[in-house]
Amino acid sequence: MQGLGRRASIVSAWLAVLLVFSGCTSPRTPAPVEDRGGASRTPAGSATPATPGMPVPPITVDANGKPLPGIENYGKPGYYAVRPGDTIMRIGLETGQNWRDIVKWNNLENANLIEVGQVLRVIPPVSGTPAATTPVVAAGSTTGTSTPGVATTGAAAAGTAVAVAPPSSSPATTTPSTAAPTKPTPPATASGDDDVGWIWPAQGQLLAGFDEVKNKGLDIGGRAGDPVLAAADGRVVYAGAGLRGYGNLIILKHNNTYLTAYAHNQALLVKEDQSVQKGQKIAEMGNSDADRVKLHFEIRRQGKPVDPARYLPSR
């Protein structure tokens, strides 16, 4: 009996050992692993990172592997890298420049064909830089009350030594030059540029004030057809409907520092390159690309939106 008990104990011990080994060798489901390697990989053909402290362009080549136009100027003062959703008109508004001048300074054959990551000059070139020598297809394919036409004189130089400037009703100087920009713009605010003498562009009720995030200007109510007035003397640098979110839009350039924008109009009464006077009726109020009849009015100082209420007289 003792022998049988001893044998049973030995068998039980062996069974326990076998169970332990079988548990160790049984297949196990691996724990889920999050692959974060993609964030640190460098795609083939990508640019070598720049030196510390220098901005690194997010895109350096196009779909065919060719360097994007102007990429060598990325991060330099006076240059702008095209972002998703940008148009030449929007870049002009953001930088305080005439879109036709930007087309000219960058020798763009078609203003509608710009690429994300492309770097554009947004300040006048120094004297002696060659001007564009090819016709330009007008920017903005969206139709509106007034749209820009083909710019063959404003953005292309004739076969002479003097560049041809965009048409304007103001007298033009004829100083000979190898190739001069249309209107030299100093980088700093010119003396006297702040002495504009603003007036309100419409007489309706103020619907919404300035907010740097939600509203880049003032919203002024009214009825369809109410007059929209030029807030100061200036020149029309854009009249059309090619800027999403603004509807039928007019942009006036008052000097080298200030632009004003008048959005959501029913009708545009002025054309590009036309000079206007303070208080002149330039449009009729409407609700194009808006939820109600209103005028959206912006003042931009060197391209940056500022609160118009700080510049307009008290009502």
Side-chain angles (χ1 to χ4, degrees), residues 82-100 102-103 111-114 116 137-149 151 200-231 234-254 258-274 276 280-300 303-309 312:
V82 177
R83 299 172 295 187
D86 273 346
T87 63
I88 284 293
M89 286 85 70
R90 183 173 292 278
I91 294 171
L93 183 62
E94 295 291 335
T95 59
Q97 300 291 358
N98 186 336
W99 70 269
R100 293 180 184 272
I102 296 176
V103 168
N112 294 313
L113 297 180
I114 56 176
V116 174
V137 178
S141 57
T142 306
T143 57
T145 307
S146 173
T147 54
W200 283 81
Q203 298 302 316
Q205 178 185 1
L206 184 63
L207 303 177
F210 176 83
D211 184 288
E212 289 186 1
V213 177
K214 299 179 181 179
N215 195 29
K216 296 181 179 180
L218 302 179
D219 290 345
I220 303 171
R223 296 175 298 180
D226 280 356
V228 174
L229 311 177
R235 182 170 60 91
V236 182
V237 295
Y238 181 73
L243 201 56
R244 184 179 300 175
Y246 285 83
N248 293 325
L249 171 69
I250 290 175
I251 301 175
L252 301 183
K253 185 167 186 175
H254 303 285
Y258 289 103
L259 294 176
T260 50
Y262 310 76
H264 308 308
N265 300 290
Q266 171 180 277
L268 307 182
L269 307 179
V270 292
K271 299 178 180 180
E272 290 185 19
D273 292 316
Q274 178 179 337
V276 298
Q280 179 179 337
K281 182 178 178 181
I282 58 174
E284 294 179 354
M285 195 179 296
N287 63 346
S288 57
D289 210 358
D291 56 357
R292 60 169 295 171
V293 174
K294 65 180 178 181
L295 170 67
H296 175 74
F297 174 68
E298 296 183 8
I299 296 180
R300 294 197 174 225
K304 181 181 179 181
V306 294
D307 186 359
L312 298 173

Practice task
Apply the test side chain to side chain contact (heavy atoms under 4.5 Å, CB included) to residues Tyr246 and Glu298: give CA-CA distance (whole Å), side-chain angles for both, the deciding distance (0.1 Å), then the verdict.
Solution key: CA-CA 11 Å; Tyr246 285 83; Glu298 296 183 8; 2.9 Å; yes
Exercise for the section: Could you pull out all residues at least two apart from Lys281 that satisfy salt bridge (Lys or Arg N to Asp or Glu O under 4.0 Å)? Expected result: Glu284
Practice task
State which residues pass side-chain contact (heavy atoms from CB on, under 4.5 Å) with Glu94; sequence neighbours excluded, sorted by chain then number.
Solution key: Arg90, Lys216, Arg300
Handout entry: Side-chain donor or acceptor of Asn215 paired with backbone N/O of Gly217 under 3.5 Å
Key = yes
Completion exercise
When every non-hydrogen atom of Ile299 is compared with those of Thr260, the smallest separation belongs to CG1-CG2, 3.9 Å
Exercise for the section: Quick one: list whatever passes side-chain contact (heavy atoms from CB on, under 4.5 Å) with Asp226, sequence neighbours left out. Expected result: Arg223, Met285
Handout entry: Residues in salt bridge (Lys or Arg N to Asp or Glu O under 4.0 Å) contact with Asp289, at least two apart in sequence or another chain
Key = none
Exercise for the section: Please name the pair of heavy atoms, one in Leu268 and one in Leu249, separated by the smallest distance, quoted to 0.1 Å. Expected result: CD1-O, 3.8 Å
Exercise for the section: Look only at the side chain of His264 and the backbone of Ser288, and say whether a donor-acceptor pair between them is shorter than 3.5 Å. Expected result: yes
Fill in the blank from the handout: Phe297 meets the ring-ring contact (aromatic ring centres under 6.0 Å, His included) criterion, sequence neighbours left out, with Tyr262
Problem - Side chain proximity check, Ile282 to Leu229, heavy atoms < 4.5 angstrom - result: no
Problem - Set of residues satisfying side-chain contact (heavy atoms from CB on, under 4.5 Å) with respect to Thr95, sequence neighbours excluded - result: Tyr80, Ile91, Gln97, Ile102, Val122
Practice task
State, yes or no, whether a side-chain contact exists between Ile251 and Met89 at a heavy-atom distance under 4.5 Å.
Solution key: no
